[in-house]
Engineer: 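What follows is a single structure, and I will ask about it in a moment.
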Amino acid sequence: MAGKKRQERLKGLMSSQWGLVTAAQAEQLGISRMDLSRMAGAGLLERLLHGVYRDSSVPIDEYTSLHAAWLSLYPKKTADERLMESSYDAVVCGQTAAWLLDAGDFIPEPYRFATPVRRQTQRSDMRLRTRAYPSGSVVLREGLPVTSFPQTVADLVEQGADLSLVSDMFLQTGFNGLTAQSRQQLIGLLSPLAKEHGFADGDGRAFLDQLTGPLNRLIVQRLKPVCESIGQAVDLTPLCAEISEAVATSPAWREMLERRQDSVRQIARKVIDVSYPKISPDWAESIAQSVVPSVKAVSVKPSQREDGQSNEE
């Protein structure tokens, strides 16, 4: 069996990569595959998949098998070496990325990775695609490079995922996934895909509005009672029941009503901004317009003379 010092080096390496090691990494430490098999037989290691072992003293979690799959793609390199490179050699993408980002209801398996150079695998629980992502489209989750929320949405749309499931991603992440910056990124990423989904060529904004429709309706549902109460507080209807029809239909009166409506809208914007601080300004404005009750000119009945006869000719 491997010497004590080599086992200590192995332990140190495994502690830096989720309690895992590849056979190729172990060999670089002077520990043979036979040594690994013996350590597994002694209960010190557990073989997770071909060429990847787990320290038996480290608990398994929901990400262990994903970490093992990622390590197996470039088994000679350590996780630290790979993560310190100028560009990532394998990025979690597609449905696996959505799962890792906790966005929507996607099953992670088979694990999907994007590599900048073409690679093949015979593993049935893994799918590889050839693609290099810019640094702005990749984030780190659970120690792994994964496509950002906007990039993951665009990838799933491009790959033909059910759009209702993509919409659910926004419902689950809310504004944590859709900040002002990511909203602009999404518009840009969806623009090339808009036409094939029934929108005007390049209209990524309209496409995004459809995908975020369920979230918009949820926000409106939550905020509408508050904004309606605000609207009732500034409603002029009770104050003008006795005014003349001429006044009610005058431009000056209508202008005053519109100013009151604008006041309600501004208050609604403040409610939205406080409730959802990460929301983008243009999105907040569109929601405010949706929840603000319409303030219309008051319809005044023709005044009645004291004798009960109408003044109307």
Side-chain angles (χ1 to χ4, degrees), residues 17-18 20-25 48-52 62-163 165-166 169 177 182 184-197 201-202 204 207-208 211:
Q17 46 186 34
W18 317 290
L20 305 175
V21 69
T22 68
Q25 292 169 348
L48 289 181
L49 50 89
H50 179 70
V52 181
E62 60 185 320
Y63 308 110
T64 298
S65 58
L66 177 60
H67 286 142
W70 184 78
L71 284 175
S72 72
L73 289 172
Y74 292 89
K76 291 184 178 181
K77 296 181 180 180
T78 67
D80 286 343
E81 288 171 345
R82 293 173 62 184
L83 293 174
M84 290 176 63
E85 292 177 347
S86 58
S87 60
Y88 297 119
D89 54 26
V91 176
V92 181
C93 62
Q95 294 180 197
T96 310
W99 172 80
L100 190 55
L101 294 171
D102 195 22
D105 188 21
F106 289 94
I107 299 173
E109 298 92 355
Y111 295 130
R112 290 169 167 80
F113 299 98
T115 60
V117 295
R118 189 172 183 271
R119 290 184 64 86
Q120 292 181 319
T121 180
Q122 295 181 343
R123 290 183 53 182
S124 61
D125 62 343
M126 188 184 298
R127 299 287 186 273
L128 302 180
R129 66 179 304 198
T130 305
R131 180 163 184 181
Y133 291 102
S135 58
S137 292
V138 180
V139 296
L140 288 176
R141 290 291 185 274
E142 300 300 328
L144 292 176
V146 56
T147 50
S148 64
F149 180 82
Q151 186 65 61
T152 302
V153 169
D155 284 352
L156 289 170
V157 170
E158 182 182 4
Q159 293 162 18
D162 186 331
L163 293 186
L165 294 178
V166 177
M169 294 173 66
S182 62
Q184 289 305 121
Q185 291 174 342
L186 268 165
I187 291 173
L189 290 168
L190 292 174
S191 291
L193 308 172
K195 187 175 182 180
E196 63 184 278
H197 287 87
D201 190 14
F207 195 0
L208 179 59
L211 293 175

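Note that the coordinates shown come from a computational prediction; the quantities given were computed from them, not determined experimentally.
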Engineer: For residues L163 and F207, report the shortest heavy-atom separation together with the two atoms involved.
Structural biologist: CD1-CE1, 4.2 Å

Engineer: Are the charged groups of D155 and R131 less than 4.0 angstrom apart, N to O?
Structural biologist: yes

Engineer: I need the minimum non-hydrogen distance between G136 and Q185, along with the two atoms involved.
Structural biologist: O-NE2, 4.4 Å

Engineer: When you compare the side chain of L101 with that of R141, does any pair of heavy atoms fall below 4.5 Å?
Structural biologist: yes

Engineer: If only atom types and distance count, is the side chain of R112 paired as donor or acceptor with the main-chain N or O of P110 below 3.5 Å?
Structural biologist: yes

Engineer: Do V139 and V146 come close enough that some side-chain heavy atom pair is under 4.5 Å?
Structural biologist: yes

Engineer: Would you say that more than 12 heavy atoms from the other residues, nucleotides or ligands in this model lie under 6.0 Å from the CG of D125, or not?
Structural biologist: yes

Engineer: Do R127 side-chain atoms and S124 backbone N/O form a donor-acceptor pair below 3.5 Å?
Structural biologist: yes

Engineer: Quick check against the 3.5 Å criterion: does Q25 have a side-chain atom that pairs as donor or acceptor with the backbone of T22?
Structural biologist: yes

Engineer: Over all heavy atoms of both residues, which pair between L73 and A90 is shortest? Give the atoms and the distance, please.
Structural biologist: CD1-CB, 3.6 Å

Engineer: So V117 and D89, do their side chains get closer than 4.5 Å, heavy atoms only?
Structural biologist: no

Engineer: Any non-hydrogen side-chain atom of E158 less than 4.5 Å from a side-chain atom of L189?
Structural biologist: no

Engineer: With under 30° as parallel and over 60° as perpendicular, where do the rings of W70 and W18 fit, or are they tilted in between?
Structural biologist: perpendicular

Engineer: Has the side chain of H67 got a donor or acceptor atom that lies under 3.5 Å from a matching backbone atom of E142?
Structural biologist: yes

Engineer: Using a distance-only test with no angle check, is there a side-chain donor-acceptor pair under 3.5 angstrom linking T130 and R119?
Structural biologist: no

Engineer: Using every non-hydrogen atom in the two residues, find where A69 and S72 come nearest and quote the distance to one decimal.
Structural biologist: O-OG, 2.6 Å

Engineer: Do W99 and Y63 have ring centres separated by under 6.0 Å?
Structural biologist: yes

Engineer: More than 12 heavy atoms of other residues, nucleotides or ligands under 6.0 Å from CD1 of I107: yes or no?
Structural biologist: no

Engineer: What I'd like to find out is whether the side chain of Y88 reaches to under 4.5 Å of the side chain of R82, using heavy atoms alone.
Structural biologist: no

Engineer: Donor-acceptor check, side chain of Q17 to backbone of A79, threshold 3.5 angstrom: yes or no?
Structural biologist: yes

Engineer: I'd like to know if the side chain of T96 and the backbone of V92 have a donor-acceptor N/O pair within less than 3.5 Å.
Structural biologist: no

Engineer: Check K76 against A24 and note the closest heavy-atom contact, atom names and distance.
Structural biologist: CG-CB, 3.8 Å

Engineer: Considering residues, nucleotides and ligands other than H197, do more than 12 of their heavy atoms fall under 6.0 Å from its NE2?
Structural biologist: yes

Engineer: Answer with yes or no whether the side chains of T152 and T147 bring together a donor and an acceptor at under 3.5 Å.
Structural biologist: yes

Engineer: Of the non-hydrogen atoms in V138 and P145, which two are nearest, and what is the gap between them?
Structural biologist: CG1-CB, 3.8 Å

Engineer: Nearest 0.5 angstrom please: L100 CG to Q95 CD, how far?
Structural biologist: 13.5 Å

Engineer: Could you give the distance from CD (Q184) to CG (L186), rounded to the nearest 0.5 Å?
Structural biologist: 9.5 Å

Engineer: Return the CE to CG distance between M169 and L165, rounded to the nearest 0.5 Å.
Structural biologist: 10.0 Å

Engineer: Return the set of residues passing side-chain hydrogen bond (donor to acceptor under 3.5 Å, both in side chains) with S65 (not counting sequence neighbours), or none when no residue passes.
Structural biologist: Y111

Engineer: Is any side-chain heavy atom of V21 less than 4.5 Å from a side-chain heavy atom of L71?
Structural biologist: no

Engineer: Drop me the distance from S148's OG to L140's CG, to the nearest 0.5 angstrom.
Structural biologist: 12.0 Å

Engineer: Which distance, rounded to the nearest 0.5 Å, do you find between the OG of S191 and the CG of D201?
Structural biologist: 9.0 Å

Engineer: Return yes if some donor-acceptor pair links the side-chain N/O of E81 with the main-chain N/O of T78 below 3.5 Å, else return no.
Structural biologist: yes

Engineer: How many angstroms lie between OG1 in T115 and OH in Y133, if you round to the nearest 0.5 Å?
Structural biologist: 10.0 Å

